[in-house]
Amino acid sequence: MNFIDDFSCREELHVDLRDHVRKGPIGKMLHHPLIIDVMLLAGYHKADNHAYRHRKQEVERFWREKNWRGYITLHERPYRAEALERVLFDGELALDHQATWHLIKSVWIDSENVEEHDEFWKDIWQEAKLDVTLNTKELAAFHNLPNMVPVWHGLERDDSKALGFSWATHKGVAEWFAQRFARLNRRPAYIAAGYVSKQHVKAYLLSRGEHEIIVFPDNVEQVRVEPCTAKGIHPSESSEES
């Protein structure tokens with residue numbers, strides 16, 4: 001199969017995919033857990049069908065082999081939390097193993113639609129304990145934090161009820177996220193600031209330079225929300241000492 005053949009031969013959309021066609025930014029799009037295509041050309045679906053059949057076979061194989069990371073990764077990003085949920089409960093992964101939390105953290109860090117799976121993440125983080133969520137590097141950095149940790153959270157609106165589980169120990173990083181959300185949603189940027197006792201921290205994630213504290217918003221004290229005018233610092237440019 002080649003690129004020209006994909007668009008010159010008519011082929012109807014696979015029956016499994018037909019209920020996953022929706023209105024997109026430039027016309028009809030396909031939004032399925034295993035394949036997203038933002039530009040569907042009616043009647044010419046050979047490439048999408050081929051990709052879907054291949055991924056379907058692979059996810060079934062990964063499931064049989066208990067290759068949980070491969071199984072989750074083959075799902076499109078908006079659907080990986082759902083794939084993780086199946087793995088955790090149907091795959092019977094133990095939440096007291098570091099390997100399980102390594103998998104959970106990798107999906108969390110890569111997620112762009114956490115709010116769509118708010119209850120799932122709430123249940124997962126409720127079970128988290130620092131002795132299994134932190135790796136060696138994270139544990140060392142966590143020990144260096146004060147007992148009451150200053151934290152910040154980027155917002156797209158002036159609303160303390162919109163606070164989530166993700167806070168940064170680096171103000172510049174939180175400012176960068178605040179500005180990013182504001183650009184995406186064409187709204188003014190805001191930033192929340194507060195303090196959290198280390199006893200309430202569920203995880204401390206350093207892998208992408210985000211200095212991310214996972215904590216339930218009810219456990220963040222002295223919260224104040226104010227406009228964010230600073231550009232902030234991209235996580236890749238931040239340092240652990242900042």
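Counting begins at 1 with the first residue of the sequence. Basis for what follows: all heavy atoms, side chains included, without hydrogens, waters or symmetry-related copies.
- Considering only heavy atoms from C-beta on, Glu212 stays 4.5 Å or farther from Lys105 through its side chain.
- Counting non-hydrogen atoms of neighbouring residues, nucleotides and ligands closer than 6.0 angstrom, the CD atom of Glu92 reaches no more than 12 such neighbours.
- Shown here is Lys198, whose NZ atom has more than 12 heavy atoms of other residues, nucleotides or ligands within 6.0 Å.
- Of the inter-residue distances, the one linking Arg208 atom CZ with His234 atom NE2 reads 9.0 Å to the nearest 0.5 angstrom.
- No side-chain heavy atom of Gln98 sits less than 4.5 Å from a side-chain heavy atom of Asn135.
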Item to check | Steps toward side chain to side chain donor-acceptor pair (under 3.5 Å) verdict (His143, Tyr204) | outcome: CA-CA 11 Å; His143 282 321; Tyr204 187 31; over 6 Å; no
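- Looking at His75 and Arg86, their side chains do bring a donor and an acceptor atom within 3.5 Å of each other.
- With a 4.5 Å cut-off on side-chain heavy atoms, Glu82 and His117 count as touching.
- The side-chain contact (heavy atoms from CB on, under 4.5 Å) test with Phe62 is passed by exactly one of Glu60, Glu58, Lys66: Glu58.
- Two rings, from His31 and Tyr79, have their centers less than 6.0 Å apart.
- Formation of a donor-acceptor pair under 3.5 Å by the Thr73 side chain with backbone atoms of Gly70 is not found in this model.
- The main-chain N or O of Ser111 is never found under 3.5 Å from a side-chain atom of Arg80 such that the two would form a donor-acceptor pair.
- Side-chain contact between Val220 and Leu163 is absent, with no heavy-atom pair separated by less than 4.5 Å.
- Contact check for Leu88 versus Phe120: side-chain heavy atoms found under the 4.5 Å cut-off.
- Within the 3.5 Å criterion, the main-chain N or O of Ser207 finds no donor-acceptor partner in the side chain of Glu138.
- The closest side-chain heavy-atom distance from Arg61 to Gln57 is not below 4.5 Å.
- At a threshold of 4.5 Å between non-hydrogen side-chain atoms, the residues Ile104 and Ile124 count as touching.
- Contact of the Val149 side chain with the Trp167 side chain is not registered, since no non-hydrogen atoms from C-beta on lie closer than 4.5 Å.
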